[in-house]
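Take a look at the structure set out below.
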Protein chains: 2
Amino acid sequence: MSTVDEVQQAVMERMLRGELAPGTWLRQDDLAAQLGVSKIPVREALHRLAASDLLRFENNRGVVVPMLTAEDAAETYGLRLAIEPELLRRAVPKLTIVHLAEAEMALAASDVQGASVPEANWAFHAALYGAAGWRRGMAMVQSLHAAVAPYVALYTQDLGGAATSDEEHQRILQACRDGDAERACSLLEVHLREAAAALDHVFTEDTDAGTR
Amino acid sequence: MSTVDEVQQAVMERMLRGELAPGTWLRQDDLAAQLGVSKIPVREALHRLAASDLLRFENNRGVVVPMLTAEDAAETYGLRLAIEPELLRRAVPKLTIVHLAEAEMALAASDVQGASVPEANWAFHAALYGAAGWRRGMAMVQSLHAAVAPYVALYTQDLGGAATSDEEHQRILQACRDGDAERACSLLEVHLREAAAALDHVFTEDTDAGTR
DNA sequence: GATTCCATAATCGTATACAATCGCGAAATG
DNA sequence: CATTTCGCGATTGTATACGATTATGGAATC
């Protein structure tokens, strides 16, 4: 694995955890020093992430985690709704016990105190979708998850409730175990629509969420 | 516009035209010399394209245009079928005469001798989808178009027939003019399925298409 | 004559170095 | 006292340079 890949993975992990607040400036020298490499592979990795709008290079100012508007969030979930059911539909017939075990582990991990909800959420979905064998689609969906991760982290903390989300995950998983792709997709669509609505609250509620 | 953006755009144009045959090695010094810059912004631009698998960095060997398998092509069209109708559905109500004119121009451009069919194809679809205002989705679809462009160029040359494709485009455009999103989406889905089938021939036909 | 091995050339990947740009704060001015 | 302007510090963006790896061609050997 190349140096660039390692940097990319390191930053992507932080994004999926929702640790990089929108508006944060990433200083390249710091990142380079942290990872023990020079600036060049760092920049190359950041460009890779910027390709899917997870970061933004501003002219002579550096790299910033872009703030999402309500419309951006809606687009993200619109795309998730377009892609993820298709992935799941293709995945269900190919699911093995390994994939299902991975998904269960991800659900268990999200219950642990101090765990990252968005990261576990991605791990769950990724475990299932992985069976489809669509690398390009996986990368797209991963970037969508990463894009909204900080906001998901917000609303899952505010409400006590990844509870309903967790329950929906369980039902999706059960449909997958049953090999019922259509039911799994329907449940997934509902799941995504609810998540989209919940996220929309973060943007439209009067109380400023501190991210504008 | 930064240096990296210019390089990225230059290479992306060549990809959308289908000029970069799969298996081609891109030499960084050459690109840098052609564009009058150094290697570093070139590499950064190539990393951006590599992020969506349009290029691949192989360790200490350089950057190559990856060859697609039949499965890769199927995935690409599967994703197009998932995303593009959604884009179009959101776009139709927002279409202005400007978008429609752009789409017509793209169709006209594809008839010109020596024109790039995949590029004109992208221009047509992009003109319509643009009205949706989904930047992320647009980037995704653009990368999907670029990924299959060399293969589309192949089968549109072999058959005399971008003819049927052109006719389908016309009908989609008419549905858009009529503001009939559902009809436009249905036509688009048929259009994509036919394109996918035509492309599949390139891979499965006995006569080696010279790209393996 | 085919194959293996080695040396050379070419290309890549990364570090170091430097010029350009931007932001911030202090000083000067109205 | 508010506002504008100038200059310094910090950070970026790009070029140059160098070590490392890979491909290639010819000679030696079986």
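Any value given below was found using the heavy atoms of this structure, including those in side chains, with hydrogens, waters and symmetry copies removed. Naming convention: chains lettered A, B, ... in sequence-line order (proteins, then strands); numbering from 1 in each chain. Computed from a predicted structure; not experimentally measured.
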N or O in side chain of B:Thr3 less than 4.0 angstrom from D:dT14 OP1/OP2: yes
Heavy-atom pair with the smallest gap, counting every atom of A:Ser143 and A:Met140: OG-O, 2.7 Å
Short N-O contact, A:Arg48 and A:Glu44, less than 4.0 angstrom: no
Integer-rounded Å distance: D:dT12 P and A:His47 NE2: 12 Å
Minimum-distance nucleotide to B:Arg27 side chain [options: D:dT11, C:dT11, C:dT14]: C:dT11
Sugar-phosphate only, base, or nothing, as touched by B:Val37 at under 4.0 Å among non-hydrogen atoms: sugar-phosphate
Touch class at under 4.0 angstrom, heavy-atom based, for A:Arg43 against every strand present: base
Among D:dA17, C:dA17, C:dA15, the nucleotide that comes nearest once only the side chain of B:Lys39 is considered: D:dA17
Protein-nucleotide distance (B:Asn59, atom CG; D:dT22, atom C1'), rounded to Å: 11 Å
Sugar-phosphate, base or nothing in reach of B:Leu26, heavy atoms under 4.0 Å: sugar-phosphate
Of all pairs that satisfy side-chain hydrogen bond (donor to acceptor under 3.5 Å, both in side chains), the ones with a partner from residues 101-110 of chain B, not counting sequence neighbours: B:Glu104-B:Arg177
Report all side-chain donor-acceptor pairs from residues 122-137 of chain A shorter than 3.5 Å, counting only partners two or more places apart or in another chain.
| from | atom 1 | to | atom 2 | distance (Å) |
| --- | --- | --- | --- | --- |
| A:His125 | ND1 | A:Glu84 | OE1 | 3.4 |
| A:His125 | ND1 | A:Tyr129 | OH | 2.8 |
| A:His125 | NE2 | A:Asn121 | OD1 | 3.4 |
| A:His125 | NE2 | A:His169 | NE2 | 3.3 |
| A:Tyr129 | OH | A:Glu84 | OE1 | 2.4 |
| A:Arg136 | NH1 | B:Ser52 | O | 3.0 |

Between C:dT21 (P) and A:Phe57 (CZ): distance, integer Å: 18 Å
Protein-nucleotide distance (A:Leu55, atom CG; D:dT12, atom P), rounded to Å: 13 Å
B:Glu44 side chain, from C-beta outward: closest of C:dT14, D:dT14, C:dG13: D:dT14
Which residue lies more 5' along DNA chain D, comparing A:Arg61 with B:Asn60 via nearest heavy atoms: A:Arg61
A:Pro41 or B:Asp30, whichever maps to the more 5' nucleotide of DNA chain C: B:Asp30
Nearest-nucleotide pick for B:Ser38, side chain only, options being C:dT16, D:dA15, D:dT12: D:dA15
